[in-house]
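The structure follows.
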Amino acid sequence: MTGYRLPSTPAAAVRQQKEIAKKVVARDDHGDIKLVCGVDVSYRAGVAHCSAVVMDTDLNIVEQASTKSEIRHPYIPGLFMLREAGPILRTLKRLDRYDLVMVDGHGLLHPRRCGLACYIGVAKDKPAIGAAKSLLCGSVRNDNYIELGGETLGYTIAAEGRKKKNLYVSVGHRMSLESAVSLVRSMTKKGEWLPEPLRLADTFSRR
DNA sequence: GCGACAG
DNA sequence: ATCTTGTCGC
């Protein structure tokens with residue numbers, strides 16, 4: 001069964017995160033990844049605007065969908081899913097097909113090993129990757145891997161340009177960290193910070 | 001208790 | 001994330 005009821009309180013969200021964390025598969029458990037979906041949410045005038053962009057591995061746009069939702073929860077570090085899971089799941093329903101979801105936020109690199117990317121991945125039972133623009137927890141080692149509580153849960157893709165920021169990748173679901181990093185790299189254009197599916201989803205959600 | 005804290 | 005113009009730099 002793949003259905004999860006969206007929590008309506010922080011306490012309920014924490015309980016669900018602990019439950020879902022046990023179901024995350026951190027190894028490659030998927031077929032060919034041909035269509036990658038990037039999702040992002042932006043906020044304007046009290047409304048959440050979510051966009052999803054599906055691209056093939058040659059970075060061509062295959063499909064796109066957008067939704068507007070009422071904002072029901074504030075942003076709480078560690079409980080990002082409480083605010084964005086609803087809008088994202090609604091938007092994903094409108095897509096015809098995709099083999100993996102890239103989420104702007106963390107996956108296993110989370111206090112309870114259940115960031116937004118894990119939540120979306122397990123809820124949809126789809127391979128998922130978390131790609132965050134800043135660190136929530138954990139410490140970056142010299143080899144760029146990120147560890148938390150003795151576990152290696154993420155990887156830092158160092159910024160190129162002097163002025164740009166790093167990208168923090170972690171497993172969402174049904175993927176190994178190595179494969180996740182490899183896929184993010186292969187879909188990021190030279191000189192860009194975010195992989196194309198996420199960069200375009202970000203652009204579209206703001207229009 | 002104190003500080004840190006995805007977007 | 002968002003509020004926000006012009007401006008510095010590749």
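Just so we're clear, the structure is a prediction, and the values are computed from it rather than from any experiment. All chains are named by letter (A, B, ...) in the order of the sequence lines, taking the proteins before the strands, and each is independently numbered beginning at 1.
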Protein-nucleotide distance (A:Asn166, atom CG; B:dA6, atom P), rounded to Å | 15 Å
Can a salt bridge be assigned to the pair A:Arg94 and A:Asp96 using a cut-off of 4.0 Å between side-chain N and carboxylate O?
-> no
Mind calculating the distance between CE (A:Met81) and P (C:dA1) to the nearest angstrom?
-> 20 Å
Test: A:Arg113 and A:Glu151 ion pair at under 4.0 Å | yes
Just call it for A:Leu79: base, sugar-phosphate, or nothing, with non-hydrogen atoms closer than 4.0 Å on any strand.
-> base
Pairs under 3.5 Å (Watson-Crick or G-U), crossing ones as [ ], inter-strand ones as |: DNA chain C comes out as ..........
Look at the rings of A:Tyr145 and A:Tyr155 and say which category their plane angle falls in: under 30° parallel, 30 to 60° tilted, over 60° perpendicular.
-> perpendicular
Could you check which of C:dT2, B:dG7, B:dA6 has an atom nearest any side-chain atom of A:Tyr43?
-> C:dT2
Exercise: do A:Ser179 and A:Ser182 side chains pair donor with acceptor under 3.5 Å | no
Pick one: which of A:Thr57, A:Asp58, A:Asp56 meets side-chain hydrogen bond (donor to acceptor under 3.5 Å, both in side chains) with A:Asn60?
-> A:Asp56
Integer-rounded Å distance: B:dA6 P and A:Tyr168 OH | 11 Å
Under 4.0 Å between any heavy atoms, over every strand shown, what does A:Leu135 touch: base, sugar-phosphate, or nothing? Just pick one.
-> sugar-phosphate
In whole angstrom, give the distance that lies between atom CZ of A:Arg112 and atom P of B:dC5.
-> 16 Å
Send over the distance from A:Asp104 CG to B:dA6 P, rounded to a whole Å.
-> 12 Å
Are A:Arg206 and A:Asp40 close enough for a salt bridge, meaning some N to O gap below 4.0 Å?
-> no
Verify the contact: side-chain N or O of A:Ser134 to OP1 or OP2 of B:dG7, cut-off strictly under 4.0 Å; return yes or no.
-> yes
At under 4.0 Å, does any side-chain N or O of A:Arg206 touch on OP1 or OP2 of C:dT2?
-> yes
Give the rounded distance in Å between these two atoms: CG of A:Asp202 and C1' of B:dA6.
-> 14 Å
For A:Ile146 and B:dA4, give me the distance from atom CD1 to atom P, rounded to whole Å.
-> 19 Å
Quickly work out the A:Arg83 CZ to B:dC5 C1' distance and round it to whole Å.
-> 15 Å
Run through A:Ile20, A:Leu100, A:Val25, A:Ile120 and flag the one making a side-chain contact (heavy atoms from CB on, under 4.5 Å) with A:His173.
-> A:Val25
